[in-house]
Amino acid sequence: MLSRKQHLEAVKQKASAGYEWDLIVIGGGATGLGSAVDAASRGLSVLLLEANDFAKGTSSRATKLAHGGVRYLAQGNFSLVREALEERGRLLVNAPNLVKPLAFVIPVRNWFQKMFYWVGLKMYDLLAGKLSVGPTRTLNRQEVIHAVPTIRQDSLGGGVRYFDAQFDDARLAVALMKTVFKLGGVALNYLPVVGFEKASGKITGVKVRDAFTAHEMSLKAKAVINATGVWVDDLRQLDNPAAKPMLSPSQGVHVVVDQHFYPAQDALLVPKTSDGRVLFVVPWLGKTLIGTTDTPRQDSPFEPDALPGEVDFVLTTAGQYLAKAPTRADVRSVFVGLRPLVKQGGAGDTKSISREHTIATADSGLVTITGGKWTTYRSMAEEVVDLVCQQLGVRNKPSRTRMLRLEDDLPNRKPEAHLHPGLQLTQAEISQAVLEEMAMTIEDVLARRSRALFLDSTAAVDCLFAVRATLQDELGWSDAELDRQEAAFRALAAQYAA
């Protein structure tokens with residue numbers, strides 16, 4: 001795969017020659033990358049533009065679960081659950097190196113609770129059909145303790161075990177980016193859209209500005225998809241200042257602690273917290289991931305903070321189920337993701353707002369897709385590209401992504417010393433991130449190509465000098481540019497350590 005610089009130069013040459021892309025996709029998260037893969041799989045010429053780094057926003061801050069949505073099953077939304085379970089099965093087949101089956105234990109107090117969850121989760125199995133990951137079964141008290149040794153045993157009456165899947169969200173985004181290139185498309189990070197080109201009120205292209213050089217250029221396209229997640233309204237209003245917001249974002253906080261608090265292979269599901277959500281305690285990359293919350297927000301910052309009380313809520317709730325409750329002093333990292341929830345009649349409670357996606361076409365022709373979740377990214381992408389093909393009059397070019405194996409190679413884990421005792425990061429992984437995966441900054445390497453920042457924010461800071469040296473050697477960044485990146489990363493790491 002060529003470098004970002006080489007791909008950018010090729011795009012500049014095409015722009016100078018008046019080249020017109022079939023499709024430009026704006027947004028390098030799950031939905032945008034999925035849409036670009038889908039379009040490229042049909043033979044369309046596609047260019048994806050990301051303002052920051054791939055999966056910089058919500059798509060790197062999920063609970064790392066590919067799931068049908070047990071909570072949606074309780075709400076009676078069987079069609080959404082069935083679709084998500086089908087897509088979960090496709091992820092396991094299409095990205096087997098990054099998506100793995102994971103068992104979940106639901107602790108119960110009595111026989112009635114055990115039967116209640118068993119019946120519901122048996123329905124979950126039935127909805128999955130041939131793509132079921134594993135059978136649901138009841139557990140007695142000793143079986144729960146064996147599966148989850150650190151569980152609180154007072155009032156424990158047994159449990160239910162069911163199966164879903166786990167993945168690394170940012171690594172899956174990188175796999176999708178690589179797949180775009182494999183299929184003949186182009187995906188560029190740090191190339192924000194700053195305006196639209198129009199003729200007779202219809203969008204004919206976009207104006208972009210390189211985040212590093214400030215160079216601007218115009219790119220022509222027959223169709224443009226807005227897949228910018230929680231920021232779709234910003235782009236819609238760039239197209240039409242009178243466009244009314246369609247999102248009601250909320251945020252979810254995740255806390256990472258050491259593995260000894262939860263040395264289990266199965267995950268733990270708390271089916272109902274005090275605020276009506278579910279809480280997961282999940283083994284992840286040698287650490288324990290606990291989350292999440294659901295708090296409405298009126299703004300959509302790129303780096304949202306945990307709001308007062310959210311971290312304490314997560315820790316307190318986990319402590320009700322773990323024999324040794326983690327405290328704030330035990331927290332290795334805190335990360336916050338924003339959910340692009342679609343407004344429904346002005347509902348104020350974000351737990352009641354649909355996670356299903358929405359597609360809308362503006363008078364200008366701008367196609368916006370938003371909502372949904374990581375698990376259903378592929379079906380969302382297929383639907384929106386179907387619409388674009390219909391609008392363009394493109395026939396006989398069906399999606400090929402249902403059975404498309406993604407470029408899901410894992411980071412290069414050569415037998416060399418780790419850069420920090422608390423992380424598995426090696427120098428080879430840093431070099432791979434920069435040379436093969438379009439990592440352009442210290443944050444790109446330590447937050448998304450590796451997950452160091454998310455696993456242990458303090459340890460990640462200790463590794464930044466190795467990353468800085470590699471970036472200077474391979475990309476030729478100046479000392480001033482690297483000083484800027486280092487200062488920004490240190491500030492971000494301090495925020496994650498909160």
Side-chain angles (χ1 to χ4, degrees), residues 23 25 27-42 44 46 48 55 58-59 62-73 75 77-96 98-99 124 126-133 164-167 169 172-173 175-177 179-180 183 185 223 225-229 232 339-342 353-361 367-391 394 397-408:
L23 175 64
V25 180
T31 307
L33 287 164
S35 299
V37 167
D38 190 279
S41 82
R42 303 176 193 230
L44 300 179
V46 59
L48 179 139
T58 304
S59 293
T63 316
K64 323 306 177 193
L65 303 178
H67 62 100
V70 173
R71 187 156 53 89
Y72 307 140
L73 185 67
Q75 296 170 357
N77 199 335
F78 299 120
S79 62
L80 178 60
V81 174
R82 185 182 295 107
E83 177 194 9
L85 288 172
E86 181 177 342
E87 292 303 318
R88 179 195 68 182
R90 297 193 187 286
L91 273 169
L92 285 161
V93 173
N94 294 337
L98 295 177
V99 186
Y124 198 62
L126 290 172
L127 288 171
K130 293 185 295 183
L131 293 172
S132 176
V133 181
D164 257 320
Q166 183 180 40
F167 73 111
D169 47 12
L172 187 55
L176 287 168
M177 177 268 288
T179 306
V180 171
L183 294 172
I225 291 177
N226 171 15
T228 52
V232 292
R339 302 183 186 92
L341 306 185
V342 181
I353 297 178
S354 173
R355 263 62 175 177
E356 292 182 86
H357 63 277
T358 291
I359 300 176
T361 304
V367 177
T368 293
I369 179 167
T370 192
K373 57 184 178 181
W374 245 118
T375 309
T376 55
Y377 87 89
R378 192 212 62 81
S379 59
M380 291 168 59
E382 180 178 349
E383 184 179 344
V384 73
V385 178
D386 277 346
L387 175 63
V388 168
C389 287
Q390 179 184 348
Q391 292 175 347
V394 175
K397 287 193 175 183
S399 172
R400 296 193 294 112
T401 59
R402 288 173 183 252
M403 303 295 291
L404 179 68
R405 173 69 185 262
L406 302 180
E407 294 291 291
D408 66 337

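Positions are given from 1, in the same order as the sequence printed here. Only heavy atoms go into these numbers, but all of them, side chains included; no hydrogens, no water, no symmetry mates.
- Every residue meeting the side chain to side chain donor-acceptor pair (under 3.5 Å) condition with Thr228, not counting sequence neighbours, appears here in chain and number order: Asn226.
- Although no hydrogens or angles enter the test, the distance criterion places a donor-acceptor pair under 3.5 Å between the side chain of Tyr124 and the main chain of Gly68.
- Heavy atoms only, all atoms of each residue included: Ala128 and Leu85 are closest at N-CD1, 3.7 Å.
- By the salt bridge (Lys or Arg N to Asp or Glu O under 4.0 Å) test, Asp164 pairs with Arg88, sequence neighbours left out.
- Here the shortest heavy-atom pairing between Ala95 and Leu172 reads CB-CD1, 4.0 Å.
- Inter-residue side-chain proximity for Val99 and Asp408 is flagged as unmet; no heavy-atom pair is nearer than 4.5 Å.
- Not counting sequence neighbours, the partners of Asp386 by the side chain to side chain donor-acceptor pair (under 3.5 Å) test are Arg42.
- No side-chain heavy atom of Pro398 sits under 4.5 Å from any side-chain heavy atom of Glu382.
- The backbone N or O of Ala381 sits nowhere less than 3.5 Å from a side-chain atom of Ser35 that would complete a donor-acceptor pair.
- Here the closest heavy-atom approach between residue Ala84 and residue Thr375 is recorded as O-CG2, 3.4 Å.
- Of all heavy-atom pairs between Trp374 and Ala62, the closest is CD1-CB, 4.2 Å.
- Annotation: side chain to side chain contact (heavy atoms under 4.5 Å, CB included) contacts of Glu86 (sequence neighbours excluded): Arg90, Leu131, Arg402.
- Listed by chain and number, the residues in a side chain to side chain contact (heavy atoms under 4.5 Å, CB included) with Ala39 are Leu23, Leu44, Val46, Val385 (sequence neighbours excluded).
- Shown here are the side chain to side chain donor-acceptor pair (under 3.5 Å) partners of Arg400, two or more places apart in sequence or in another chain: there are none.
- Rounding to the nearest 0.5 angstrom, the gap separating the NZ atom in Lys373 from the OG1 atom in Thr31 is 12.5 Å.
- Shown here for Val81 and Leu127, the closest heavy-atom pair between the two residues is CG1-CD1, 3.9 Å.
- With contacts defined as side-chain heavy-atom distances shorter than 4.5 Å, the pair Leu33/Tyr377 does not qualify.
- Residues Thr401 and Asn94 come closest through the heavy atom pair O-ND2, 3.5 Å.
- In this structure, the side chain to side chain donor-acceptor pair (under 3.5 Å) partners of Thr63, at least two apart in sequence or on a different chain, are His254.
- Listed for the Ser399 side chain is no donor-acceptor partner under 3.5 Å among the backbone atoms of Asp38.
- Take Ile359 and apply the side chain to side chain contact (heavy atoms under 4.5 Å, CB included) test, not counting sequence neighbours, and it matches His357, Val367, Ile369, Glu383, Val384, Leu387.
- Looking only at side-chain heavy atoms (C-beta outward), Asp169 and Ser59 stay at 4.5 Å or farther from each other.
- Taking the side chain to side chain contact (heavy atoms under 4.5 Å, CB included) definition, one finds that Ser379 meets it with Glu83, Glu87, Thr376, sequence neighbours left out.
- Here the side chains of Ile225 and Val388 are in contact, with some heavy-atom distance below 4.5 Å.
- Counting heavy atoms from C-beta on, the side chains of Leu406 and Leu98 never come closer than 4.5 Å.
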